[in-house]
Asks: 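Can you read through this structure? Questions will come right after.
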Amino acid sequence: MRTSTERPVRKPASPRGKAVQNAKRYNKQTAHVEARRDGKPLIFGWGTHLSHTAKVRIQRRATWGAAALVFLLLAAVFVGSWININIVIPGLPITSVNGHAIPQSQYRTMVAVKTQLELNKLYGPNGLTAQSTNLEKQDALQNQTITQTQTQITNLNAQIKKLPDGPSAQRTDLTTQLTAANKKLADAQTQDQKLQSQLSALNTTSIANAKQTFTQQQIGNDSAAWLQDDELIREWLQNQPAAIQAKINPSASQVNRAFTSLKTSMPQNNGYNTFLNQMGIGDSDIRSMLTIIGRRDNLQNYLAPMITSPSYQVLARQIVVPTKDGANKILSELQKGQDFAKLAASDSKDSTTNTKGGALVWLTRYQYLSSESGPGGPATVENWLFDSARKVNQISPVLFGNGSYYIVQITGLSGARPVTPAIVTELKGNALINWLQERGGNSLPLPDQKITTPDQNKMFNDPNNLPPNNILPAAAPAPPSQQPAGGGPPPA
């Protein structure tokens, strides 16, 4: 029995028990259930039923989807822009001939090739400026010869003067040398004058004229006209025998020669690859334009020999008035028997012929179109005058051309009249131009031709259609009097 004063005896704490107790201890953690709804909306009040994990997954997908959409939109814009610049715009017509569209891509390439041909003509190794430099070198040598010969003549005269009077072998020898020196001087001075004349003509005429026409406006308009002309040529060729087609269409070897010539005639600072990169074209583009140019050249060579003397000629007179109503009134009076010459003198606005009763000279084919040997009239009148059905005293209907209205009357026909050599030479040189005018080319369409006016906005306002200003100038240079001899360096 224990008394109240007794204390219970405590057993010493067991080390193993303490370790066991420590082993049972743990940190309190809160469990996180990923699938549990957090009650917060994802967007616009929607998504409270979703878990946090589901919301993160949707947000990530939305972010990647938006990024992909932006990338696709940028790619679409880039591809669309590339297609528009390289396919759609180049394919848009710049003009058309009888329903055949001429796309901007053709115009752009023709401008590039014509630009390079003009650069070669001006600044190539055999171009006009190189010819000018060569003439200057030749002239410098002649001047050196003149100076040396003049010195020689002075010395010979001095030696002869010192000789004693009377004949001698030395006097004879010196006199012979003096005669030869004087001839040499005269020849050198003649050659110097010839070189100076050639140099002046080259610098003030050939180079100056070439630079005046080497502009965006001129090259652009010529390129469009040449493409229109080629459509007319090819339409005509379709109805010609195979032998004529073979003469006009350039052969592969002709195109290859033109291609090689273009490359080898380039200025030294403008190589072929530079040309391709600047113009954005390739070999096939160049060859296609050289084919068009070759076809023009071949047709010119085919037509020129056909202009001969003597030839069929027409004698006629004309009345030119500014309005259709005025022309119809005059035609009505002529049909009533009024005198043609009197009406021409009183009503015709052509100052060259109205004082002569409207009379023209005897004209051979295409001479009426010429401004050099003829009146420079329109193709509509030319075609009426030289129609094989014409008869003497026949009066034309009202004909329109060159912005005026014409009435013409046949006063004479001749099957064979001589043509002066000067006129034959002129008409031969312009054979292709006149032939095209007869068919409504060179921007002068006839009623039976449907040739649209080239789109000037596309031609000159689209930077892709023209070379840079440092290659093809926007305007002609200053007059020749303000230019240095030789015409200056080629463009960079």
Asks: Distance only, no hydrogens: is a donor on one side chain within 3.5 Å (strictly under) of an acceptor on the other, for Asn465 and Gln104?
Replies: yes
Asks: Inspect the contact between Lys329 and Asp325 and indicate whether a charged nitrogen and a carboxylate oxygen are less than 4.0 angstrom apart.
Replies: no
Asks: According to salt bridge (Lys or Arg N to Asp or Glu O under 4.0 Å), does anything in residues 339-352 pair up with another residue at least two apart or in another chain? List the pairs.
Replies: none
Asks: In chain order, what residues pass the side chain to side chain contact (heavy atoms under 4.5 Å, CB included) check against Leu276, with sequence neighbours excluded?
Replies: Tyr272, Asn273, Ile281, Asp283, Ile286
Asks: Which residue pairs pass the ring-ring contact (aromatic ring centres under 6.0 Å, His included) test with at least one member in residues 275-329, sequence neighbours excluded?
Replies: none
Asks: Using the salt bridge (Lys or Arg N to Asp or Glu O under 4.0 Å) rule, collect all pairs that involve residues 361-384, keeping only residues at least two apart or in two chains.
Replies: Arg365-Glu382, Arg365-Glu438
Asks: What closest approach, in Å, do Ser348 and Gln318 show between heavy atoms, and which atom pair accounts for it?
Replies: OG-O, 4.3 Å
Asks: The criterion is side chain to side chain contact (heavy atoms under 4.5 Å, CB included); which residues satisfy it with Ile219, sequence neighbours excluded?
Replies: Val111, Lys114, Thr115, Glu118, Phe214, Ser223, Leu472
Asks: Would you confirm whether Asn256, through its side chain, and Ala252, through its main-chain N or O, come within 3.5 Å as a donor-acceptor pair?
Replies: yes
Asks: Verify, without hydrogens or angle tests, whether Ser265 (side chain) and Gly124 (backbone) share a donor-acceptor contact under 3.5 angstrom.
Replies: no
Asks: Would you please name every residue forming a side chain to side chain contact (heavy atoms under 4.5 Å, CB included) with Asn328, sequence neighbours left out?
Replies: Lys324, Val398
Asks: My understanding is that only one of Leu399, Leu343, Ile330 makes a side-chain contact (heavy atoms from CB on, under 4.5 Å) with Ile407; could you say which?
Replies: Ile330
Asks: Looking at residues at least two apart in the chain, or sitting in another chain, which of them share a salt bridge (charged side-chain N to carboxylate O under 4.0 Å, His left out) with Asp187?
Replies: Lys183
Asks: Checking side-chain contact (heavy atoms from CB on, under 4.5 Å) between Gln131 and each of Leu199, Ile207, Leu202, which is the one that passes?
Replies: Leu202
Asks: Does anything in residues 333-385 form a ring-ring contact (aromatic ring centres under 6.0 Å, His included)? List the pairs, not counting sequence neighbours.
Replies: none
Asks: Could you check whether any side-chain N or O of Gln313 sits under 3.5 Å from a backbone N or O of Val361, counting only pairs where one atom can act as donor and the other as acceptor?
Replies: no
Asks: Hey, are Asn430 and Asn434 close enough side-chain-wise for a donor-acceptor pair under 3.5 Å?
Replies: no
Asks: Once ring-ring contact (aromatic ring centres under 6.0 Å, His included) is applied, do any residues pair with Tyr405, and if so which ones, sequence neighbours excluded?
Replies: Phe400
Asks: Sorted by first residue and then second, give each salt bridge (Lys or Arg N to Asp or Glu O under 4.0 Å) pair with at least one member in residues 389-406; sequence neighbours left out.
Replies: Asp387-Arg390
Asks: As a quick check of understanding, evaluate side-chain contact (heavy atoms from CB on, under 4.5 Å) for Val97 and Asp230, giving each step before the final call.
Replies: CA-CA 10 Å; Val97 177; Asp230 190 62; over 6 Å; no
Asks: Within the distance-only criterion (no hydrogens, no angle test), does the side chain of Thr215 pair as donor or acceptor with the backbone N or O of Ala475 below 3.5 angstrom?
Replies: no
Asks: Does anything in residues 246-265 form a salt bridge (Lys or Arg N to Asp or Glu O under 4.0 Å)? List the pairs, not counting sequence neighbours.
Replies: none
Asks: Please set out all donor-acceptor pairs under 3.5 angstrom arising from side-chain atoms of residues 189-197, sequence neighbours excluded.
Replies:
{"unit_1": "Thr190", "atom_1": "OG1", "unit_2": "Ala186", "atom_2": "O", "d": "2.9"}
{"unit_1": "Gln196", "atom_1": "NE2", "unit_2": "Asp139", "atom_2": "OD2", "d": "2.6"}

